Amino acid sequence: MGLLSKKATCNTHGQDSSYFLGWEEYEKNPYDEIKNPDGIIQMGLAENQLSFDLIESWLAKNPDAANFKREGQSIFRELALFQDYHGLPSFKNAMADFMSENRGNRVSFNPNKLVLTAGATSANETLMFCLADRGDAFLLPTPYYPGFDRDLKWRTGAEIVPIQCTSANGFRITKSALEEAYEQAQKLNLKVKGVLITNPSNPLGTTTTRTELNHLLDFISRKKIHLISDEIYSGTVFTSPGFISVMEVLKDRKLENTDVFDRVHIVYSLSKDLGLPGFRVGAIYSNDDFVVSAATKMSSFGLISSQTQYLLSTLLSDKNFTKNYLEENQIRLKNRYKKLVSGLEAAGIECLKSNAGLFCWVDMRHLLKSNTFEAEIELWKKIVYEVKLNISPGSSCHCNEPGWFRVCFANMSEETLKVALDRLKGFVDGPSSTRRSQIEHQRLKNLRKMKVSNWVFRLSFHDREPEER
């Protein structure tokens, strides 16, 4: 070990988070309808497997794309040779157009300001390297995606300071929460370089409101810092209110060609909207030419293969396909979301009202033995090891209220989802549920006794003569 670097031996990757530990348990005992029906069902992975058939159908009708042909002629040698790390122009053009389409064509994107990366993980880390030095901080609203502890901090040395959001207002970002986070960073002697949000939110499954986006733009304007908007779930919005990109708000406020405009950066990928995380396709969009230049140089450490770029440039350039895909995928996500919510309600469990994403933010506070994070982890372990469902506890997402969990619904078949919901209902309705009800009943009974005793005491106290008091 002494011959290895500090980075190789440090324990700051975040792999010991319950978020990743749940994955490890699933991998030891994965559910299979036939081979392992008693295994753990993976509900901690935000994958979109609902519309693979649409892409497979397109591939069957367009074999040249997958076979690396153009107008029937092989371009294998062309794609096999070294490509400039700026990326294929045809793919960058198609990607920029798809990003605009995803946002209702209310904003447009210049492909020359697009930097290609090997997924959103690489995009976010690259932006950290461009915008922050070791020890500088970014503010993130809670709850946030657990992987950010790795993506933003591990190799860059940057720090995260939470913007504390609460269930009282549906975990919305407020002016006061932004200021409090900034002040907390100053108390920790951290230089704040920016704010990073996910819109739509991971893990909340909600879109950021125009009011929140205005608060954020006003905030970064006053503090002279950056804003990163991770919009990798922008195509998953399945019901109103619709998605509003920060680029749209910048345009509406006529902030183009201002210093604020240059300090806003977008992260995007095809992992969630098209369900292609294995293709490792991500992008940074920045209005700052220096950021674009630096990020492009850094992208040489995580390029997208030319073969992938060619295939997807052909697919994304088919406007009939992209229009149909976005519409149909959103319908399927909405239907699947309804099935999850309905199943949860049957088990007496509610969740935050969502309109986007591949998951729900589920409220299990009433199932906790006490209002503590220790009780949350205890419940989580029961759900993983006894109920055999891997879900993500809110504490792994840095939620400041115990009892919330992220539950994914788009990475499995409808039949598997039903099995998962039946298991959860059985757990809630089972013996442990009866015991929890008994405990709650006794607690209320004791509370009533206490109130009666206090009432009798006050009554007898006031009935006494002054010298008896």
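Small disclaimer: the values here were computed from a predicted structure and weren't measured.
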Legend entry - Six-ring centre of Phe409, Arg336 cation under 6.0 angstrom, axis tolerance 45°: no
Inset, instruction - Could you check if a side-chain atom of Val341 sits within less than 4.5 angstrom of a side-chain atom of Lys353, using non-hydrogen atoms only? - result: no
Inset, instruction - Specify whether Tyr144 and His398 have parallel, tilted or perpendicular ring planes, treating 30° as the upper limit for parallel and 60° as the lower limit for perpendicular. - result: parallel
Inset, instruction - Enter the distance from Glu414:CD to Leu50:CG here, rounded to the nearest 0.5 Å. - result: 9.5 Å
Legend entry - Inter-residue atom distance Leu250.CG - Asn257.CG, 0.5 Å rounding: 11.0 Å
Inset, instruction - Taking the side chain as every heavy atom from C-beta outward, state whether Trp58 and Thr322 have any pair of such atoms under 4.5 Å apart. - result: no
Legend entry - Nearest-0.5 Å distance, CD of residue Gln307 to CG of residue Leu88: 9.5 Å
Inset, instruction - Decide, yes or no, whether a salt bridge links Arg365 with Glu401 under the criterion of side-chain N to carboxylate O below 4.0 Å. - result: yes
Inset, instruction - Report yes or no: is the cationic atom of Arg263 (NZ for Lys, CZ for Arg) under 6.0 Å from the centre of the six-membered ring of Phe290, at an angle within 45° of the ring normal? - result: no
Legend entry - Qualifying side-chain hydrogen bond (donor to acceptor under 3.5 Å, both in side chains) pairs, either residue in residues 275-302, two or more places apart: His265-Ser286
Legend entry - Partner set under side-chain contact (heavy atoms from CB on, under 4.5 Å) for Ser51, not counting sequence neighbours: Leu54, Tyr325, Asn329, Arg332
Legend entry - Heavy-atom donor-acceptor pair, Asp133 side chain to Asp136 backbone, under 3.5 Å: no
Legend entry - Phe373/Trp380 aromatic ring centres below 6.0 Å: no
Inset, instruction - Check whether any side-chain heavy atom of Ile244 sits under 4.5 Å from a side-chain heavy atom of Val249, and report yes or no. - result: yes
Legend entry - 4.5 Å side-chain heavy-atom contact, Thr117 and Val267: no
Inset, instruction - Examine Lys193 relative to Phe138 and say whether NZ or CZ is less than 6.0 Å from the centre of the six-membered ring and inside a 45° cone about the ring axis. - result: no
Inset, instruction - Run the salt-bridge test on Arg253 and Glu248 with the 4.0 Å N-O cut-off and return the result as yes or no. - result: no
